[in-house]
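Just below is one structure, and these are the notes that go with it.
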Amino acid sequence: MSNEDTGKSGPSPIVFALVALLIGLGGGGAAVYFLMPAKAPETAAATDPAEDKAAEVDEASDILHVNVRRFSAPLISQRGTTLGYVWIDVDFVVDGPTNQSLLSARLPRVKNAMLKALHSAPTASVERPGALDVKQVEARMRAAAKAAAGDGVIHQMFITNVQRAPT
């Protein structure tokens, strides 16, 4: 029986399904081909030995964090008067679990050193009296913390939050 006998014209549903399947597979394959990143050609010689050494350290590094929440610090004016207190959240970045354990064990000593550094000089901003000079405070806290923790223990230090303590 032909298509003319049944009154139907055009391709059969099976042919239509096969064509749709082939188009879908071709489109999917093309999408994968174009969306996959191209591999960079490998060079035989290293361009910079320092970069290679830094890359090896980054790959081997196990960056961990030690957080200190609500570290209380004085807000001292340029004239030396205490205007109040602020709570500072600090994030110490260390390399590896050994340094994380060392810093955690030495945290009371680190906090003590940071408090001494902050009580020894003004912490309030010159431009905005009553506001904390975050740049200056962070630099002093970082130097005191690194000295108290020991060489190479603290990789970086960030102030993550500052809040005025209620009086």
Side-chain angles (χ1 to χ4, degrees), residues 27-28 30-167:
V32 168
Y33 176 76
F34 287 113
L35 294 178
M36 292 295 287
K39 287 187 178 179
E42 301 209 12
T43 57
T47 55
D48 185 9
E51 286 179 11
D52 289 342
K53 197 175 272 188
E56 288 174 11
V57 169
D58 286 343
E59 289 173 4
S61 295
D62 189 12
I63 301 298
L64 299 170
H65 298 265
V66 176
N67 294 309
V68 175
R69 295 202 58 224
R70 287 196 161 190
F71 177 76
S72 182
L75 189 59
I76 301 172
S77 72
Q78 301 301 317
R79 289 184 277 158
T81 59
T82 301
L83 304 173
Y85 286 85
V86 293
W87 287 325
I88 302 173
D89 292 347
V90 181
D91 179 41
F92 294 104
V93 180
V94 296
D95 188 16
T98 303
N99 284 334
Q100 186 181 35
S101 295
L102 274 172
L103 181 59
S104 294
R106 295 176 183 169
L107 210 50
R109 183 186 317 172
V110 170
K111 286 181 179 180
N112 183 33
M114 290 189 306
L115 273 175
K116 286 179 180 177
L118 294 180
H119 275 88
S120 65
T123 56
S125 173
V126 175
E127 295 86 29
R128 294 181 52 214
L132 187 72
D133 186 349
V134 177
K135 230 180 197 181
Q136 177 196 40
V137 166
E138 184 178 29
R140 288 187 4 220
M141 287 176 70
R142 181 182 296 117
K146 284 186 173 187
D151 287 339
V153 175
I154 297 173
H155 182 62
Q156 290 179 324
M157 187 206 89
F158 299 103
I159 292 179
T160 57
N161 189 28
V162 176
Q163 183 179 359
R164 188 82 183 242
T167 54

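Positions are given from 1, in the same order as the sequence printed here. Bear in mind the structure is a predicted one, so any value in this text is a computation, not a measurement.
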Requested in this report: Let me know which of V137, N161, T160 forms a side-chain contact (heavy atoms from CB on, under 4.5 Å) with I88.
Outcome: V137
Query raised in the report: Heavy-atom count around N67 CG within 6.0 Å, excluding the residue itself: above 12?
Result: yes
Query - Pairwise distance NE2(H65) to CG(D91) - rounded to 0.5 angstrom - result: 5.5 Å
Report summary line: Per side-chain contact (heavy atoms from CB on, under 4.5 Å), M157 is matched among V90, V94, V66 by V90
Name each donor-acceptor pair under 3.5 Å that joins a side chain in residues 69-80 to protein atoms two or more places apart or in another chain, with its distance.
| unit_1 | atom_1 | unit_2 | atom_2 | d |
| --- | --- | --- | --- | --- |
| S77 | OG | R79 | N | 3.3 |
| S77 | OG | G80 | N | 3.4 |
| S77 | OG | T81 | N | 3.2 |
| S77 | OG | T81 | O | 3.4 |
| S77 | OG | T81 | OG1 | 2.8 |
| Q78 | NE2 | A124 | O | 2.9 |

Query - Under 3.5 Å: donor-acceptor pair, side chain of Q163, backbone of V86 - result: no
Query - Heavy-atom check, side chain of R140 versus side chain of T123, under 4.5 Å - result: yes
**Report entry** Side-chain donor-acceptor pair present, D95, H155, cut-off under 3.5 Å
**Finding:** no
Requested in this report: Walk me through it: do D62 and Q100 pass the test side chain to side chain contact (heavy atoms under 4.5 Å, CB included)?
Outcome: CA-CA 10 Å; D62 189 12; Q100 186 181 35; over 6 Å; no
Report task. Could you tell me the separation between the CE atom of M141 and the CZ atom of F92, rounded to the nearest 0.5 Å? Result -> 6.0 Å
Report task. May I ask you to decide if V153's main-chain N or O and R106's side chain share a donor-acceptor pair within less than 3.5 Å? Result -> no
**Report entry** Value rounded to 0.5 Å, distance of CG in L103 from CG in L64
**Finding:** 11.0 Å
Show every donor-acceptor pair shorter than 3.5 Å between a side-chain atom in residues 109-120 and any protein atom, with sequence neighbours excluded, or say none if there are none.
| unit_1 | atom_1 | unit_2 | atom_2 | d |
| --- | --- | --- | --- | --- |
| H119 | ND1 | L115 | O | 3.0 |
| S120 | OG | A117 | O | 2.9 |

Query raised in the report: Is there a donor-acceptor contact under 3.5 Å from the side chain of R164 to the main chain of G130?
Result: yes
